[in-house]
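See structure below.
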Amino acid sequence: MRKTILLAGMVLFSVSAQAQILDAIKSAVKDNTGIDLNTPVKTTTSATTPKSTSTTSSPINLGSLSSTQISSGLKEALSLGVNEGVKKLGVTDGFLKNEAVKILMPEKLRKVDTTLRSLGLGSLADQGVKLLNRAAEDAVTEAAPIFTNAITSMTITDAKNILLGTDNAATNYLQTKTQTQLFTAFQPKVKASLGKVGADSVWKGIISKYNTLTGQSITTDLNEYVTTETINGVFKMVAEKESGIRNTPAMRTTSILQKVFGAQDAK
């Protein structure tokens, strides 16, 4: 019993001594740092709100543009395309050396080309293709007034949709609305050019040579083919210009182009 009391006393003394030492440490910490270890530190967890990675693009603002301004801007872009396109195409090799618009042998006459070349008459075939392009280069100089009239007289009721459309939306619209009219007006000019450059007589000789060599009897009217290809060539140049104006601010050389196409930059 005496041993038990003695052991308990030693334990109490040890606990008391440890408590005194701990109090001394806490007091020293408070004196030197101001931190009271007797006051529990509250830990707060703040939920991190993830930053939104999605951006809300503001819709294009056409409110400051009238339908008349939009129509004028589109027409001016098309007129520039036509005038510059005709200027580039209406020179020697304007069609022939431009792979995007070069007029090739009509598809139904490809066998004529193949046959002539197999018989060593490739130069004759080349001359035929060359003169088709020469006719287009000569005729296209007369095209500008026809295209310009078609552009200025058209009514663009869906001008905003065209402005916000694809890179060649205005060109496609113009082509759809005026293709037949342009063909009718332009065909006589192409026919005159085919005669002027001698393409019609050369092609008569080519067809005659082919018929004689093969025993076949084929005929062709190049006027319709060259007319269509010439018009398509101009439209390709117009589309190229329209795309440039839409995507390259430096190509917007007038105030109306800057105002109208500047509005579509945000789409």
Side-chain angles (χ1 to χ4, degrees), residues 71 74-110 112 128-159 162 165-204 206-207 218-243:
S71 177
L74 292 171
K75 289 179 180 180
E76 182 159 333
L78 290 171
S79 295
L80 282 173
V82 166
N83 292 328
E84 291 186 15
V86 167
K87 184 178 180 180
K88 290 179 180 179
L89 296 175
V91 296
T92 300
D93 292 334
F95 271 88
L96 188 63
K97 294 296 178 65
N98 185 338
E99 292 300 323
V101 297
K102 180 180 179 179
I103 300 176
L104 305 175
M105 186 84 72
E107 186 174 354
K108 66 179 181 179
L109 296 181
R110 300 287 165 81
V112 175
V129 171
K130 178 181 178 180
L131 290 179
L132 293 184
N133 286 274
R134 288 288 181 263
E137 291 158 6
D138 181 72
V140 78
T141 58
E142 302 292 330
I146 299 173
F147 279 91
T148 300
N149 181 63
I151 292 169
T152 56
S153 64
M154 71 178 179
T155 301
I156 307 182
T157 56
D158 52 350
I162 292 175
T166 58
D167 281 357
N168 60 345
T171 305
N172 288 340
Y173 180 87
L174 176 64
Q175 188 168 12
T176 301
K177 297 295 183 181
T178 64
Q179 181 83 23
T180 302
Q181 171 193 347
L182 288 169
F183 184 90
T184 300
F186 198 48
Q187 191 174 28
K189 301 184 183 301
V190 171
K191 184 176 182 178
S193 292
L194 286 169
K196 180 179 178 180
V197 302
D200 52 358
S201 59
V202 168
W203 270 94
K204 285 180 182 178
I206 290 175
I207 297 301
I218 66 169
T219 59
T220 185
D221 180 7
L222 294 175
N223 191 17
E224 179 177 347
Y225 174 70
V226 175
T227 299
T228 300
E229 292 299 299
T230 304
I231 292 174
N232 288 343
V234 176
F235 276 125
K236 286 180 181 179
M237 301 299 286
V238 174
E240 182 180 295
K241 183 67 175 181
E242 180 189 352
S243 178

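Looking at heavy atoms from C-beta onward, Val202 lies out of side-chain contact with Val197 at the 4.5 angstrom threshold. A 4.5 Å side-chain heavy-atom check between Asn232 and Gln179 finds at least one atom pair inside the cut-off. Using a 4.5 Å heavy-atom threshold, the side chains of Thr230 and Ile103 count as touching. Asn98 has its side chain within reach of Met237: a pair of non-hydrogen atoms, C-beta onward, lies under 4.5 Å apart. Counting heavy atoms from C-beta outward, Leu96 and Lys102 have side chains that approach closer than 4.5 Å. Residues Lys189 and Ile146 meet the side-chain proximity criterion, which asks for heavy atoms closer than 4.5 Å.
Rounding to the nearest 0.5 angstrom, the gap separating the OG1 atom in Thr171 from the CG atom in Leu74 is 10.0 Å. Here the straight-line distance linking atom CG of Asp221 with atom OG1 of Thr227 works out to 8.5 Å at 0.5 Å rounding. For the atom pair CD1 (Ile231) and NZ (Lys236), the distance works out to 13.5 Å, reported to the nearest 0.5 Å. To the nearest 0.5 angstrom, Tyr225 atom OH is 9.0 Å from Leu109 atom CG. How far CD of Gln187 is from OG1 of Thr228: 8.0 Å, rounded to the nearest 0.5 Å. The distance from the CD atom of Gln175 to the CG atom of Leu182 is 9.0 Å, given to the nearest 0.5 Å.
Under the 3.5 Å distance criterion, the side-chain polar atoms of Thr176 are matched with a main-chain donor or acceptor of Asn172. Distance alone, capped at 3.5 Å, is enough to place a donor-acceptor pair between the Thr141 side chain and the Asp138 backbone.
Nearest heavy atom pair, residue Ala150 against residue Ser153, reads O-OG, 3.5 Å. Considering all non-hydrogen atoms of both residues, Val140 and Gly90 come closest at CG1-CA, 3.4 Å. Scanning all heavy atoms of the two residues, the minimum distance from Val238 to Gly81 falls at CG2-C, 3.7 Å. When all heavy atoms of Trp203 and Gly128 are compared, the closest pair comes out as NE1-O, 3.0 Å. Between Asn83 and Ala144, the closest heavy-atom pair is OD1-CB, 4.1 Å. When every heavy atom of Phe95 is checked against every heavy atom of Glu229, the shortest pair comes out as CE2-O, 4.2 Å.
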The test is side chain to side chain contact (heavy atoms under 4.5 Å, CB included); show your working for Asn149 and Gln181 and say whether it passes.
CA-CA 11 Å; Asn149 181 63; Gln181 171 193 347; 4.0 Å; yes
Apply side chain to side chain contact (heavy atoms under 4.5 Å, CB included) to residues Asp200 and Asn223 and explain how you reach the verdict.
CA-CA 9 Å; Asp200 52 358; Asn223 191 17; over 6 Å; no
Could you please spell out the steps behind the ring-ring contact (aromatic ring centres under 6.0 Å, His included) verdict for Phe147 and Phe186?
CA-CA 10 Å; Phe147 279 91; Phe186 198 48; 7.1 Å; no
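Lys88 and Asp93 are not joined by a salt bridge, as no carboxylate oxygen comes within less than 4.0 angstrom of a charged side-chain nitrogen. Salt-bridge check for Glu84 with Lys87: failed, with every basic side-chain N at 4.0 Å or more from each acidic carboxylate O.
Counting non-hydrogen atoms of other residues, nucleotides and ligands closer than 6.0 Å to NZ of Lys191 gives a total of 12 or fewer.
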